[in-house]
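Worth knowing before you read on, the calculation uses all heavy atoms, side chains too, and leaves out hydrogens, waters and symmetry mates. Chain identifiers are assigned alphabetically (A, B, ...) following the order of the sequence lines, protein sequences preceding nucleic acid strands; residue numbering begins at 1 within each chain.
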Number of protein chains: 2
Amino acid sequence: MLDQARDRLAANGARLTPVRQRTLEILLESHRAMGAYEVLDRLAAEGFGRQPPVAYRALEFLVEHGLAHRLQRLNAFAACLHPGHDHAPAFLICRECDMLAELPAAPVRDALTELAAESGFQVERATIEALGLCPACADAARP
Amino acid sequence: MLDQARDRLAANGARLTPVRQRTLEILLESHRAMGAYEVLDRLAAEGFGRQPPVAYRALEFLVEHGLAHRLQRLNAFAACLHPGHDHAPAFLICRECDMLAELPAAPVRDALTELAAESGFQVERATIEALGLCPACADAARP
DNA sequence: TTTGACTTGTTATGATGTAACATGAATAAG
DNA sequence: CTTATTCATGTTACATCATAACAAGTCAAA
């Protein structure tokens with residue numbers, strides 16, 4: 001896995017330095033979603049730097065090169081535009097103006113639940129969010 | 001909209017107090033995704049408390065009662081289990097053990113992109129994450 | 001009208017993330 | 001080989017997001 005990673009990086013002119021490699025190893029070994037500070041603790045314990053940017057930079061690098069993923073958690077709020085029905089919509093968030101749209105996403109959600117069930121995973125809550133351009137900002141961006 | 005909200009709450013034995021109502025109004029007026037501290041600034045400027053819990057409590061209340069949504073952002077990392085193909089999988093995250101699974105989600109993603117396109121929204125990146133129980137933890141939970 | 005549940009506010013702290021700068025290592029140009 | 005340049009790593013300091021624990025006030029019902 002590491003050799004494979006090194007090759008991919010070399011092809012892109014990027015290097016798998018010690019911190020980066022160790023960071024990747026830590027993620028691979030854990031097989032879990034890890035917070036940046038958890039990774040940082042491990043790195044620091046092994047003699048690497050103990051300040052947040054050390055971990056964040058290594059992680060960002062791995063994500064940039066397709067060797068790791070960044071997962072999500074809570075961070076912003078918006079009024080529900082269609083209260084009343086028990087709904088769990090998908091969100092469209094404009095990266096320019098932060099405009100928010102809610103999309104009925106029951107089919108998408110059901111597909112996901114079913115797909116997960118095939119591997120024995122019980123979905124309790126699903127997050128479906130898209131980042132992109134709303135019609136207005138897409139128009140404004142066009143010449 | 002507010003009357004409707006008040007009715008819904010009354011039916012549940014919950015009250016739309018001034019802070020809560022104003023918080024909902026702020027979200028509704030903005031039509032955007034807002035950070036909790038942004039909401040807090042508005043509340044404080046209007047004579048409500050100026051400490052974080054004031055906003056977080058009101059927001060949490062609205063979310064609990066289906067009047068607002070909580071959106072997401074970056075917060076955790078995991079090794080990519082299938083590097084190489086240009087892929088943007090869905091994630092299954094076990095809430096018990098943080099185990100992570102990647103699911104090929106191209107169909108789900110395409111459905112979302114198409115659905116969004118119907119309202120003129122251009123999807124650039126989509127986040128599909130499910131929280132629930134992995135098979136092992138589901139077994140452990142069973143008696 | 002007093003009890004008890006709930007609401008609002010506070011202080012304090014924890015958790016997450018980034019900007020800006022100094023130093024050191026690797027690579028490429030001469 | 002040596003120098004110049006780029007890239008990596010580490011630091012300090014700070015910005016942003018979130019919650020725990022407690023005190024005081026409000027409201028409805030017994």
Side-chain angles (χ1 to χ4, degrees), chain A residues 5-6 9-27 32-65 67-78 93 98 127 129, chain B residues 5-6 9-27 32-65 67-78 93 98:
Chain A
R6 226 184 320 266
L9 291 175
N12 291 350
R15 292 180 305 147
L16 190 60
T17 60
V19 215
R20 291 168 178 173
Q21 171 169 337
R22 193 62 200 116
T23 301
L24 179 55
E25 286 170 3
I26 289 169
L27 291 181
R32 297 186 299 109
M34 297 184 77
Y37 279 68
E38 197 179 350
V39 172
L40 178 59
D41 284 346
R42 301 279 301 271
L43 291 174
E46 299 177 18
F48 295 100
R50 44 187 66 258
Q51 303 306 323
V54 169
Y56 279 103
R57 278 197 291 239
L59 290 166
E60 184 189 14
F61 172 89
L62 295 174
V63 170
E64 260 173 18
H65 291 85
L67 298 169
H69 297 290
R70 196 159 194 172
L71 307 176
Q72 321 228 359
R73 267 219 231 129
L74 313 183
N75 217 351
F77 300 83
I93 308 168
D98 283 339
T127 296
E129 292 178 17
Chain B
R6 225 183 320 265
L9 292 175
N12 290 349
R15 292 181 304 148
L16 189 59
T17 60
V19 216
R20 292 170 178 172
Q21 171 169 339
R22 193 63 200 116
T23 301
L24 179 55
E25 287 170 3
I26 288 169
L27 290 181
R32 297 185 298 111
M34 297 184 76
Y37 278 69
E38 196 178 350
V39 172
L40 178 59
D41 285 346
R42 302 278 301 271
L43 290 174
E46 300 178 17
F48 294 101
R50 42 186 67 259
Q51 303 306 322
V54 169
Y56 279 102
R57 279 198 291 239
L59 290 165
E60 184 188 15
F61 172 88
L62 294 174
V63 170
E64 259 173 18
H65 290 85
L67 298 170
H69 296 290
R70 197 158 194 172
L71 306 176
Q72 323 228 358
R73 266 217 233 131
L74 313 184
N75 218 349
F77 301 82
I93 308 168
D98 282 338

J.: Once you round it to whole Å, what is the distance between C1' of dG10(D) and CG of L40(A)?
T.: 12 Å
J.: Starting at OH of Y56(A) and ending at P of dT16(D), how long is that distance when rounded to a whole Å?
T.: 15 Å
J.: Would you be so kind as to tabulate the donor-acceptor pairs closer than 3.5 Å made by side chains of residues 12-24 of chain A, with sequence neighbours excluded?
T.:
unit_1	atom_1	unit_2	atom_2	d
R20(A)	NH1	R15(A)	O	2.9
Q21(A)	OE1	R6(A)	NH1	3.0
Q21(A)	NE2	E25(A)	OE2	2.9
R22(A)	NE	E46(A)	OE1	2.5
R22(A)	NE	E46(A)	OE2	3.4
R22(A)	NH1	E25(A)	OE1	2.6
R22(A)	NH1	E29(A)	OE2	3.4
R22(A)	NH2	E46(A)	OE2	3.2
T23(A)	OG1	V19(A)	O	2.7

J.: May I have the distance from L16(A) (atom CG) to dT9(D) (atom P), rounded to whole angstrom?
T.: 10 Å
J.: Report, one pair per line, the protein and nucleotides 28-30 of chain D atoms (nitrogen or oxygen only) whose separation is under 3.5 Å.
T.:
none

J.: With sequence neighbours left out, what residues match F48(A) under ring-ring contact (aromatic ring centres under 6.0 Å, His included)?
T.: none
J.: Could you state the atom-to-atom distance from CG of N12(B) to C1' of dC6(C) in whole Å?
T.: 16 Å
J.: Quick one: L59(B) CG to dT19(D) C1', roughly how many Å, whole number?
T.: 14 Å
J.: List, with names and distances, any nitrogen or oxygen atoms from the protein found under 3.5 Å away from nitrogen or oxygen atoms belonging to nucleotides 10-12 of chain C.
T.:
unit_1	atom_1	unit_2	atom_2	d
dT10(C)	OP2	R50(B)	N	3.1

J.: So for Y37(A) and dG14(C), does any side-chain atom that can act as donor or acceptor lie under 3.5 Å from a complementary atom in the base?
T.: no
J.: Measure the CG-CG distance between L27(B) and L67(B) for me, rounded to the nearest 0.5 Å.
T.: 10.0 Å
J.: Minimum heavy-atom separation for L40(A) to A55(A), with atom names?
T.: CB-CB, 3.7 Å
J.: Figure out the CD/C1' separation between E60(B) and dT8(C), and round it to whole Å.
T.: 14 Å
J.: Nearest whole angstrom, please: distance from the P of dT7(C) to the CG of L43(B).
T.: 16 Å
J.: Would you mind reading off the distance between Q21(B) atom CD and dT8(C) atom C1', rounded to a whole angstrom?
T.: 16 Å
J.: Looking at V63(A) and R70(A), what are the two nearest heavy atoms and their distance?
T.: CG2-N, 4.2 Å
J.: Please collect all side chain to side chain donor-acceptor pair (under 3.5 Å) contacts where either partner lies in residues 52-61 of chain B, sequence neighbours excluded, each pair once.
T.: none
J.: Hey, what do you get for NE2 (H69(B)) to CG (L62(B)), rounding to the nearest 0.5 Å?
T.: 11.0 Å
